[in-house]
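Some notes on the structure that comes next.
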2 protein chains.
Amino acid sequence: MRKEQSSNFINEQFLFQVCELNSAVSVISGRWKSQIVYSISQGNNRFHLLLQELTNISETVLARQLKELETHAILVKQEIPDSVPVGVEYILTNKGKDLVPILESLCDWGKTYAEGKEISI
Amino acid sequence: MRKEQSSNFINEQFLFQVCELNSAVSVISGRWKSQIVYSISQGNNRFHLLLQELTNISETVLARQLKELETHAILVKQEIPDSVPVGVEYILTNKGKDLVPILESLCDWGKTYAEGKEISI
DNA sequence: GCAATAACTAACAAAATTGTTAGTAGGTAA
DNA sequence: TTACCTACTAACAATTTTGTTAGTTATTGC
């Protein structure tokens with residue numbers, strides 16, 4: 001639980017007010033988040049598929065990251081009707097879908113300036 | 001200091017290998033980082049100017065964030081010649097400059113889907 | 001009945017990030 | 001000489017994030 005009187009929390013709120021950039025970055029920050037969004041966009045939209053894709057993630061951690069993405073309205077859960085045992089699909093919202101091309105440009109940027117290349121001004 | 005045997009560190013390395021997206025996101029994650037990059041791109045390229053802009057940041061924290069951005073080759077420090085007392089300018093590298101439009105699209109995305117709007121699929 | 005699958009949750013522990021306190025250097029202005 | 005400015009750093013404490021352990025519910029196949 002966040003301590004709402006902490007400097008940490010207050011500074012975060014301050015930045016959220018300065019510019020939407022800061023809240024946007026905070027939504028995609030988090031160990032597995034951007035990879036989860038990207039994996040879902042590629043069709044890995046089931047809990048167990050994501051567990052497979054993200055080799056080292058635990059069920060607890062995956063569930064938590066998914067819930068946070070849901071809180072930020074990046075995705076929604078949908079029960080698959082008549083599935084046995086009951087299955088759940090994770091669907092990107094429009095907000096989540098619009099994020100994907102931005103993640104792709106971040107990925108391209110990362111590739112362009114991968115480690116070991118010279119620094120240029 | 002990172003513990004190189006921790007699950008946390010190992011998982012981070014795993015994600016860095018999966019896709020450059022993950023290292024790219026980790027570079028801009030951090031309480032003040034994206035705002036610092038944006039402020040420098042707007043001309044606030046001196047230590048004391050950034051201290052003013054980012055009202056609540058402390059000198060220690062600003063220095064640390066700047067050093068991390070320097071480590072990731074987003075910016076470089078340059079002493080201003082003949083300045084008294086000695087001044088330092090922070091200059092975005094090409095890597096840093098290329099990041100700015102991506103941060104702007106993240107900002108636009110944040111504005112489009114600001115809190116309180118309905119979730120659409 | 002027993003194990004297995006899908007999709008979780010609570011409580012706790014480990015680790016990482018962020019913030020605070022106190023101090024540095026070299027020079028200026030009063 | 002005393003205080004102030006610019007631009008830091010080290011050591012530590014507070015807070016947050018991430019990972020672990022041990023469970024849950026409901027159903028199917030053997």
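Each chain gets a letter, A, B and so on, in the order the sequences are listed, and its residues count up from 1. Scope of the values below: all heavy atoms of this structure, side chains included, with no hydrogens, waters or symmetry mates.
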**OP:** Would you mind checking if B/E68 and B/K33 are paired as a salt bridge, meaning a charged N to carboxylate O distance below 4.0 Å?
**Re:** yes

[X] has an atom [atom1]; how far is it from atom [atom2] of [N], in whole Å?
X: A/Q13; N: C/dG19; atom1: CD; atom2: P; value: 13 Å
X: B/N8; N: D/dT16; atom1: CG; atom2: P; value: 17 Å
X: B/Q78; N: D/dA7; atom1: CD; atom2: P; value: 14 Å
X: B/R64; N: D/dA7; atom1: CZ; atom2: C1'; value: 16 Å
X: A/E59; N: C/dA10; atom1: CD; atom2: P; value: 15 Å
X: B/R31; N: D/dT17; atom1: CZ; atom2: P; value: 8 Å
X: B/E79; N: D/dC8; atom1: CD; atom2: C1'; value: 12 Å
X: A/I10; N: C/dG19; atom1: CD1; atom2: P; value: 10 Å

**OP:** May I ask you to check whether over 12 heavy atoms, not counting those of B/Y38, lie within 6.0 Å of atom OH?
**Re:** no

Subject >> Validation row: A/R31, B/E12 side chains within 4.5 angstrom (heavy atoms) >> reply: yes

Subject >> B/T60, nearest nucleotide to its side chain (from D/dC8, C/dC8, C/dT21) >> reply: C/dT21

Would you say [X] reaches [N]'s phosphate, i.e. side-chain N/O to OP1/OP2 under 4.0 Å?
X: B/K77; N: D/dC8; result: yes
X: A/W32; N: D/dG19; result: yes
X: B/Q65; N: C/dT17; result: no
X: B/K67; N: D/dC8; result: no
X: A/H48; N: C/dT5; result: no
X: B/R46; N: D/dA7; result: yes
X: B/S6; N: D/dT18; result: no

**OP:** State which residue, out of B/I74, B/D98, B/L99, fulfils the side-chain contact (heavy atoms from CB on, under 4.5 Å) condition with A/Y113.
**Re:** B/D98

Subject >> ILVMFWY network linking B/I28 to B/V61, side-chain heavy atoms under 4.5 angstrom >> reply: yes

Subject >> 5' precedence on DNA chain D between A/M1 and A/S58 (nearest-nucleotide basis) >> reply: A/M1

Subject >> 5′-ward residue of the pair A/S29/B/A63 relative to DNA chain D >> reply: B/A63

Original post:
So which one's nearest nucleotide on DNA chain C is more toward 5', B/V61 or B/S7?
Top reply: B/S7

